[in-house]
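This one's a predicted model, so the numbers in the text were calculated from it and none came from an experiment.
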Number of protein chains: 2
Amino acid sequence: MNLENAQVQMRKGILEYCILQIISRGEVYASEILDELLNAKIMVVEGTLYPLLTRLKNAELLDYQWKESTSGPPRKYYILTEKGTNFLEGLDDTWIELAESVKSIIAKTQK
Amino acid sequence: MNLENAQVQMRKGILEYCILQIISRGEVYASEILDELLNAKIMVVEGTLYPLLTRLKNAELLDYQWKESTSGPPRKYYILTEKGTNFLEGLDDTWIELAESVKSIIAKTQK
DNA sequence: CATAGTATCTTGCATAACAAAGTACTATAT
DNA sequence: ATATAGTACTTTGTTATGCAAGATACTATG
């Protein structure tokens with residue numbers, strides 16, 4: 001148990017939310033998602049992202065389409081299903097509530 | 001994979017942070033922590049909290065003292081160690097960064 | 001002395017994160 | 001042509017941990 005581990009733990013919970021957010025903007029493939037998450041300082045590696053995308057696909061929140069690339073191997077472009085869109089709306093609320101919960105606990109600490 | 005599960009997932013990551021926050025205010029026993037987390041709408045059950053407190057104790061972030069109760073069995077009162085205090089400061093920063101990361105991703109979605 | 005209330009601990013299962021290695025395609029330099 | 005580098009997706013094995021459920025144990029009360 002060290003600080004780095006705890007940071008990993010903390011961002012785990014919101015990973016799914018961020019991925020759905022990114023896909024909600026339009027079709028995107030895994031490496032692009034990976035880059036954007038890293039840009040936003042949300043640490044994630046392939047071994048986490050790919051299985052997670054597969055789980056979301058199996059849960060019918062996502063769908064994908066293979067498309068050829070002019071500069072490398074073919075890519076899986078993901079989009080949200082209708083179910084995924086509804087799910088994401090639920091997570092929007094959850095995130096807001098969670099942020100408020102943390103805020104309320106911090107406020108009590110500082111009282 | 002359903003909405004309730006995802007909410008649980010989201011809360012998981014910040015559980016450790018909230019627990020340390022609560023203990024940082026002064027000595028407190030597990031059931032009190034449990035109540036306060038539930039009050040703040042952070043769902044957690046005994047089977048999660050007790051092993052987590054034990055892990056934090058083993059990592060030397062927490063220490064505890066048994067105290068007798070006038071109305072039931074004895075209680076383990078937890079306090080932060082110096083290491084725990086430093087650790088919590090690190091998590092403060094992590095939480096702020098994480099909230100900003102999520103905010104930046106949401107902002108991009110709404111562009 | 002049985003029941004309820006409070007408090008902590010343990011067991012066993014299922015899920016999931018991730019490091020590491022593998023597969024496979026394209027572009028470019030030699 | 002072929003070796004190397006870059007890109008993209010997949011799989012495997014280990015480890016951690018969340019949690020339902022049940023156990024243990026103390027006190028107060030009817």
In whole angstrom, what separates [X]'s [atom1] from [N]'s [atom2]?
{"X": "A/Leu34", "N": "C/dC18", "atom1": "CG", "atom2": "C1'", "answer": "13 Å"}
{"X": "B/Tyr78", "N": "C/dA7", "atom1": "OH", "atom2": "C1'", "answer": "11 Å"}
{"X": "B/Glu46", "N": "C/dT10", "atom1": "CD", "atom2": "C1'", "answer": "12 Å"}
{"X": "A/Met43", "N": "C/dA19", "atom1": "CE", "atom2": "P", "answer": "12 Å"}
{"X": "A/Tyr64", "N": "D/dT10", "atom1": "OH", "atom2": "C1'", "answer": "12 Å"}
{"X": "B/Arg75", "N": "D/dC26", "atom1": "CZ", "atom2": "C1'", "answer": "12 Å"}
{"X": "A/Leu62", "N": "D/dC9", "atom1": "CG", "atom2": "P", "answer": "13 Å"}
{"X": "A/Tyr50", "N": "D/dA8", "atom1": "OH", "atom2": "C1'", "answer": "5 Å"}

Spacing of SG belonging to B/Cys18 relative to CD1 belonging to A/Ile106, to within rounding of 0.5 Å
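One finds 7.5 Å between SG of B/Cys18 and CD1 of A/Ile106.
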Is the phosphate of [N] approached by [X] (side-chain N or O, under 4.0 Å from OP1 or OP2)?
{"X": "B/Tyr29", "N": "C/dT8", "value": "no"}
{"X": "B/Ser71", "N": "D/dT27", "value": "no"}
{"X": "A/Ser31", "N": "D/dC9", "value": "yes"}

Closest to the [X] side chain: [options]?
{"X": "A/Arg55", "options": "C/dA16, D/dT10, D/dC19", "value": "C/dA16"}
{"X": "B/Trp66", "options": "C/dG5, C/dC9, C/dC18", "value": "C/dC9"}
{"X": "B/Lys76", "options": "C/dT8, C/dA7, C/dT10", "value": "C/dT8"}
{"X": "A/Val45", "options": "D/dC9, D/dG18, C/dC18", "value": "C/dC18"}

For DNA chain D, whose closest nucleotide is more 5', that of B/Lys12 or that of A/Pro74?
A/Pro74
Position toward the 5' end of DNA chain D (nearest nucleotide), A/Gly72 or A/Gly47
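Its nearest nucleotide being more 5', the pick is A/Gly72.
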Indicate whether any N or O donor in one side chain lies under 3.5 Å from an N or O acceptor in the other, for A/Thr81 and A/Glu60.
no
B/Tyr29 and its ring-ring contact (aromatic ring centres under 6.0 Å, His included) partner, picked from B/Tyr77, B/Tyr50, B/Trp66:
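Only one option passes, and that is B/Tyr77.
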What nucleic acid atoms does A/Thr70 come within less than 4.0 Å of, heavy atoms only: base, sugar-phosphate, or nothing?
sugar-phosphate
Looking across every strand, which nucleic acid part, if any, lies under 4.0 Å from B/Arg11 by heavy atom: base, sugar-phosphate, or nothing?
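No contact at all - B/Arg11 keeps every heavy atom at 4.0 Å or more from the nucleic acid.
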Does NZ or CZ of A/Lys76 come closer than 6.0 Å to the centre of the six-membered ring of A/Tyr64, within 45° of the ring's axis?
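Yes, A/Lys76 sits over the ring of A/Tyr64.
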Just wondering, do B/Leu62 and B/Leu20 contact through their side chains at under 4.5 Å, heavy atoms?
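When only atoms from C-beta onward are counted, B/Leu62 and B/Leu20 do touch, with a gap below 4.5 Å.
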On DNA chain C, compare the nucleotides closest to A/Val44 and B/Asp35; which residue's is nearer the 5' end?
B/Asp35
